[in-house]
Amino acid sequence: MTLILGIETSCDETAASVVADGEHVRSHIVASQFELHEKYQGVVPEIASRAHLERILPIVESALEQAGVEAHELDAIAVGNRPGLIGSLIVGVSAAKALSWSLDIPLIGIDHVQAHLHAWKLTDKSPASGLEFSQPKSSLGLVISGGHTSLYTFTDPTALTRIGRTIDDAIGEAFDKAAVILGLGYPGGPKMDQLAPQGDPDAYDLPRSMLDKSSLDFSFSGLKTALLYTVRGHPVGRGRAATFERDITAFSSQQVADLAASFRKASVETIIAKLGRALEHLSENGERPERLVLGGGVSANALLRQRIRELADERALQVCLPEMVYCVDNAAMIAGLAYDHFLAERFDTLGLPAVSTS
Ligand code: KG4
Ligand code: ZN
């Protein structure tokens, strides 16, 4: 059995986890900084890196304790070293280097986006995903989070080919901004998802941006602006000086739920339509994938999960969705993907950099 400790500090969650053989989660600790950033309605990088620094060592200790593993029993240390907020990444990378050096075990730097596409394999139940699922297969992968909306083809998740991306806002970011417009607070994605079932998804007609016919790229800023204008009316003046006719207090609680439902439906339908288009493009080129793999915070969205399952059924594809707890940022996905590197003996030196971009 191979035991890897994973560390994740790319944004506003300090996380550590011990995973056995890439799939069996022995411990999974995530300390959210939600309360520190809530009043700013978004993540403040300087506050995030300071909080990581205070929390990282107790979180690593808790992960070992929960797993019932002594540090000397670990086979490797994995850390998400890209992409993310640079000050936050440096905290995790420094802690991982110190552990790797002092325990004299390999250090493995992991790409956070690739790790999201490994998350579906993780479970704390045994047996894990099963042999059929464990085999690598040609896949269409979609990472949907606060920072990414990207489509990939891959067989090996450590070698992704990007075929589409957002040209403006990431879908999670659009959900978060929509929640602010609706007065629901931060982080908005889960709040929108919880409220939507109480509303009528056809009450408001919001746009689905498809870009031109051949494009596999996404755009969510038009949808967000359409919601803003629906709620506040058209702006008088420009930029920061603009004033609006009204705000969300002019809407009843039923109308707010209708807006949340309409926004969720429009964004999910855009994603589903783009996946359909990508499958058609790939089939035309004789590259039809066998598997649809999702990852990232927005893959926790209830409507999206339902629509993805329907799409996979229609197209006779295997669908791989992470368990809810492994959709959002976590360290188990970092430790899990690191197992592939461990088997291939792809190790990093103590010179491993933290890199803000993909
Ligand atoms: O993967 P993640 O934890 O962090 C990034 O790598 O960005 O994703 C966080 C994002 C946030 O924007 C959050 O609002 C969104 O995922 N999110 C959701 C849901 N749960 C989290 N969006 C829609 N529906 C949800 N249920
Ligand atoms: Zn993420």
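Positions are given from 1, in the same order as the sequence printed here. Order of appearance sets the numbers: ligands from 1, and atoms from 1 within every ligand. Please read these numbers as outputs of a predicted model, since none were measured by experiment.
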**Report entry** Atoms in ligand 1 with a heavy atom of G189 nearer than 4.0 Å
**Finding:** 14 (O), 18 (C), 19 (C), 22 (N), 23 (C), 24 (N), 25 (C)
Report summary line: Tracing side-chain contacts under 4.5 Å among Ile, Leu, Val, Met, Phe, Trp and Tyr outward from M1 reaches L3, L5, I7, V18, L53, I56, L57, V60, L64, V69, L74, I77, V79, V91, V93, L99, W101, L103, I105, L107, L350, L352
Query raised in the report: With S214, which residues qualify under side chain to side chain donor-acceptor pair (under 3.5 Å), at least two apart?
Result: D212
Query raised in the report: Below 6.0 angstrom between ring centroids: does that apply to H234 and F244?
Result: no
Query raised in the report: Which residue from D193, L303, D12 reaches closest to atom 26 (N) of ligand 1 through any of its heavy atoms?
Result: D193
Query - Verdict with reasoning, E290 to R315, per salt bridge (charged side-chain N to carboxylate O under 4.0 Å, His left out) - result: CA-CA 10 Å; E290 297 164 275; R315 312 273 176 136; over 6 Å; no
Query - Protein N, O or S atoms under 2.8 Å from the Zn ion (ligand 2) - result: 3
**Report entry** Residue-ligand contact H148/ligand 1, heavy atom below 4.0 Å
**Finding:** no
Query raised in the report: Looking at side-chain heavy atoms only, is the closest gap between C320 and R291 below 4.5 Å?
Result: yes
Query - Approximate separation, where rounding is to 0.5 Å, of R307 CZ and L311 CG - result: 10.5 Å
**Report entry** Polar contact flag for G296 and ligand 1 (N/O pairs, less than 3.5 Å)
**Finding:** no
Query raised in the report: Which of the numbered atoms in ligand 1 are below 4.0 angstrom from a heavy atom of H112?
Result: 6 (O)
Query raised in the report: Looking only at atom types and distance, does a side-chain atom of S27 sit under 3.5 Å from a main-chain N or O of A63, one as donor and one as acceptor?
Result: yes
Report summary line: Sorted by chain and residue number, the ring-ring contact (aromatic ring centres under 6.0 Å, His included) partners of H148 (sequence neighbours excluded) come out as none
Query raised in the report: Tell me, do F218 and I144 make a side-chain contact under 4.5 Å, heavy atoms counted?
Result: no
Query - For G172, the ligand 1 atoms whose distance to one of its heavy atoms is below 4.0 Å - result: 12 (O)
Query - Contact check: A302 vs ligand 1, nitrogen or oxygen atoms, below 3.5 angstrom - result: no
Report task. If you have a sec, work out which protein heavy atom is nearest atom 20 (N) of ligand 1 and how many Å separate them, to one decimal? Result -> G297 O, 3.4 Å
Query raised in the report: Does R264 reach ligand 1, in the sense of a heavy atom lying below 4.0 Å from it?
Result: no
Query raised in the report: Just which atoms of ligand 1 are under 4.0 Å from any heavy atom in H116?
Result: 1 (O), 6 (O)
**Report entry** Close side-chain approach of L122 and M333, heavy atoms under 4.5 Å
**Finding:** yes
Query raised in the report: Hey, does C11 sit under 4.0 Å from ligand 1 if you only count heavy atoms?
Result: no
Requested in this report: Output yes when E13 and R55 qualify as a salt bridge under the 4.0 Å nitrogen-oxygen rule, no when they do not.
Outcome: no
Query - Atoms of ligand 1, numbered as shown, that sit under 4.0 Å from any heavy atom of A300 - result: 26 (N)
Requested in this report: May I ask you to list the atoms of ligand 1 that are less than 4.0 angstrom from any heavy atom of V328?
Outcome: 3 (O)
Query raised in the report: Taking N or O atoms only and a 3.5 Å limit, does G147 qualify as a polar contact for ligand 1?
Result: yes
Query raised in the report: Does M192 approach ligand 1 within less than 4.0 angstrom via side chain, backbone, both or neither, non-hydrogen atoms only?
Result: neither
Query raised in the report: Side-chain contact, heavy-atom cut-off 4.5 Å: L275 with L151?
Result: yes
Report task. Look only at interatomic distance and state if D329 has a nitrogen or oxygen under 3.5 Å from any nitrogen or oxygen of ligand 1. Result -> yes
Query raised in the report: Are any of the side-chain heavy atoms of T153 and E287 separated by less than 4.5 Å?
Result: no
Requested in this report: For atom 13 (C) of ligand 1, find the nearest protein heavy atom and state the residue, atom name and distance (0.1 Å precision).
Outcome: D176 OD1, 3.7 Å
Query - Polar contact flag for G146 and ligand 1 (N/O pairs, less than 3.5 Å) - result: yes
Query - Nearest protein heavy atom with distance in Å, relative to atom 23 (C) of ligand 1 - result: N301 ND2, 3.5 Å
Query raised in the report: Is the centre of the F220 ring less than 6.0 Å from the centre of the F175 ring?
Result: no
Query raised in the report: Are S88 and S49 side-chain neighbours, meaning at least one heavy-atom pair lies under 4.5 Å?
Result: yes
